[in-house]
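In the text below, chain A, chain B and the rest are named by the order of the sequence lines, each starting its count at 1. All of these numbers come straight from a predicted model, not from anything done at the bench.
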2 protein chains.
Amino acid sequence: MPSKSQARRAQLRERLVEAAESRIAREGLGELRARDLARDAGCALGAIYNAFEDLNAIVMAVNGRTFRALGQAVSDSFDGSEAPVQRLIVMSTAYLRFADAHTNLWRALFELKMTQDGPVPDWYREALAGLFGLISEPVSQIFPEMKREELELMTRALFSSVHGIVSLGLENRISGVPPEQIERMIGQVLRQIGNN
Amino acid sequence: MPSKSQARRAQLRERLVEAAESRIAREGLGELRARDLARDAGCALGAIYNAFEDLNAIVMAVNGRTFRALGQAVSDSFDGSEAPVQRLIVMSTAYLRFADAHTNLWRALFELKMTQDGPVPDWYREALAGLFGLISEPVSQIFPEMKREELELMTRALFSSVHGIVSLGLENRISGVPPEQIERMIGQVLRQIGNN
DNA sequence: GGCTATTCCTGAACATGGTTCAGGAAAGGA
DNA sequence: TCCTTTCCTGAACCATGTTCAGGAATAGCC
């Protein structure tokens with residue numbers, strides 16, 4: 001039964017997500033407009049609400065893509081031969097590069113939930129858990145004496161630290177600095193943490 | 001010459017900032033409405049735009065207060081007798097406590113600039129510089145061999161790290177954890193950095 | 001105090017943008 | 001082919017920030 005109707009619906013969904021992604025990437029989440037989206041995707045304004053619950057759902061779909069791409073970029077950044085601290089640095093640098101290259105998309109990842117109050121979708125938690133999983137391996141090598149609970153906290157703490165450094169570092173308006181300096185900050189902190 | 005007119009204007013500004021602060025504190029920046037503000041402050045809708053350039057300017061005024069209060073909280077948290085690492089931990093804990101106690105106001109500090117693109121007001125940069133100044137003292141004690149430029153980066157890096165830990169830690173929707181755990185994460189990272 | 005210019009206040013109106021909906025078009029099934 | 005269902009359309013609705021014409025209060029001046 002899902003021959004024409006469903007296919008068209010799926011295509012429309014795809015076009016909408018594509019259009020939203022490109023517009024967010026170009027102009028930021030705050031510039032996303034339902035009417036622009038409809039025009040870009042070649043559909044009527046109301047059709048958006050047939051394909052998606054609301055604009056938010058589209059942004060969520062875009063965030064899903066972004067999160068997958070981010071995870072991929074971090075996964076691909078190391079080959080397993082690095083020493084633990086070095087691997088953390090390499091992964092963090094990949095995180096920074098991704099955030100710097102796709103700032104608006106990356107920022108949308110965090111802007112949406114700040115604003116909204118609905119439940120976080122499963123894929124969101126899972127994607128974050130995946131990232132944490134990548135980090136926890138080198139962390140447990142660096143701190144072999146730590147118990148699991150403490151390791152989890154440390155993993156989270158290091159991710160948050162790197163995220164904070166990247167986040168404020170890319171924030172041109174308050175405390176922005178060039179990416180090389182952000183990279184140096186990440187190195188300073190992670191190396192310092194590894195050298196005890 | 002600024003007898004009645006100016007006084008009334010000043011009072012209105014004060015009432016508006018007060019009302020905005022209380023509403024942001026209660027419901028978050030996203031729930032701020034011009035019409036609510038006018039009602040709370042007992043003035044007409046249009047009067048807002050006589051006292052302030054726009055809603056943003058009011059939020060900026062609120063942010064100014066918040067930033068001052070935050071700086072005060074951090075300043076007051078240590079007495080100078082602490083060892084450098086301990087002082088960093090104490091200051092960071094004060095930062096966490098403030099953010100936890102006034103989450104919406106604290107978050108407004110960072111939400112606004114993300115969205116907007118105008119120039120950051122001077123007091124903003126100065127307030128941040130003040131915070132950095134508080135941090136740089138213990139940091140330079142911990143790393144006496146570092147050059148000034150490297151110290152500045154490290155100061156910024158540590159502030160960003162703590163900010164990241166607090167920020168993601170208080171984010172109930174992604175990776176929120178109870179404040180005691182946030183405090184433990186801060187301690188883990190800062191102690192580790194001091195112990196080399 | 002009275003008079004005029006200025007300044008301020010008011011709330012209706014405007015602009016923008018997300019969302020809905022009645023009516024028509026297309027698809028599915030017989 | 002015909003009926004049902006489903007979808008699409010864009011005008012309308014609603015919320016919200018901002019502006020503005022007209023009236024009220026104030027300020028300066030004699």
task: Measure up the A:Phe132 and A:Phe159 rings against each other and bin them: parallel (under 30°), tilted (30 to 60°), perpendicular (over 60°).
output: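 Perpendicular: the ring planes of A:Phe132 and A:Phe159 meet at over 60°.
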query: Between B:Phe67 and B:Tyr124, what is the ring plane arrangement, given parallel below 30°, perpendicular above 60°, and tilted in between?
result: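 Ring orientation, 0 to 90° scale: perpendicular.
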- prompt: A:Arg8 side chain N/O closer than 4.0 Å to the phosphate oxygens (OP1, OP2) of D:dC7?
  reply: no
Rounded to whole Å, how long is the line connecting atom [atom1] of [X] with atom [atom2] of [N]?
X	N	atom1	atom2	value
B:Asn50	D:dC20	CG	P	14 Å
A:Asp54	C:dG17	CG	P	17 Å
B:Phe52	C:dC8	CZ	C1'	16 Å
A:Glu53	C:dG18	CD	P	16 Å
A:Arg9	C:dA26	CZ	P	19 Å
B:Leu112	D:dG17	CG	P	14 Å
B:Arg13	C:dC8	CZ	C1'	15 Å

query: Crowded around A:Asp76 CG? As in, over 12 foreign heavy atoms under 6.0 Å?
result: yes
- prompt: In this structure, are over 12 heavy atoms from other groups packed under 6.0 Å from B:Glu53 atom CD?
  reply: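 Check fails, neighbour count at 12 or below.
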message: Do B:Arg26 and B:Ser22 pair up side chain to side chain, a donor and an acceptor below 3.5 Å, judged on atom types alone?
response: yes
Side-chain donor or acceptor of A:Glu21 paired with backbone N/O of A:Val62 under 3.5 Å: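 Between the backbone of A:Val62 and the side chain of A:Glu21 there is no qualifying donor-acceptor contact (under 3.5 Å).
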field: Toward the 5' end of DNA chain C, by each residue's nearest nucleotide, B:Ala51 or A:Leu55
entry: B:Ala51
message: To check you understand the geometry: which heavy-atom pair defines the closest contact between B:Pro138 and B:Leu88, and what is its length?
response: CG-CD2, 3.6 Å
field: pair A:Gln86-A:Arg191: side-chain heavy atoms closer than 4.5 Å
entry: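 Touching, per the 4.5 Å side-chain cut-off.
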- request: Using a cut-off of strictly less than 4.0 Å between a heavy atom of the residue and any atom of DNA chain D, enumerate the qualifying residues of residues 37-49 of chain B by number.
  value: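 Correct list: B:Leu45, B:Gly46, B:Tyr49.
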Do any N or O atoms of the protein come closer than 3.5 Å to N or O atoms of nucleotides 13-15 of chain D, and which pairs are they?
none

- request: State which residue, out of A:Val189, A:Ile186, A:Val74, A:Ile135, fulfils the side chain to side chain contact (heavy atoms under 4.5 Å, CB included) condition with A:Ser92.
  value: A:Ile186
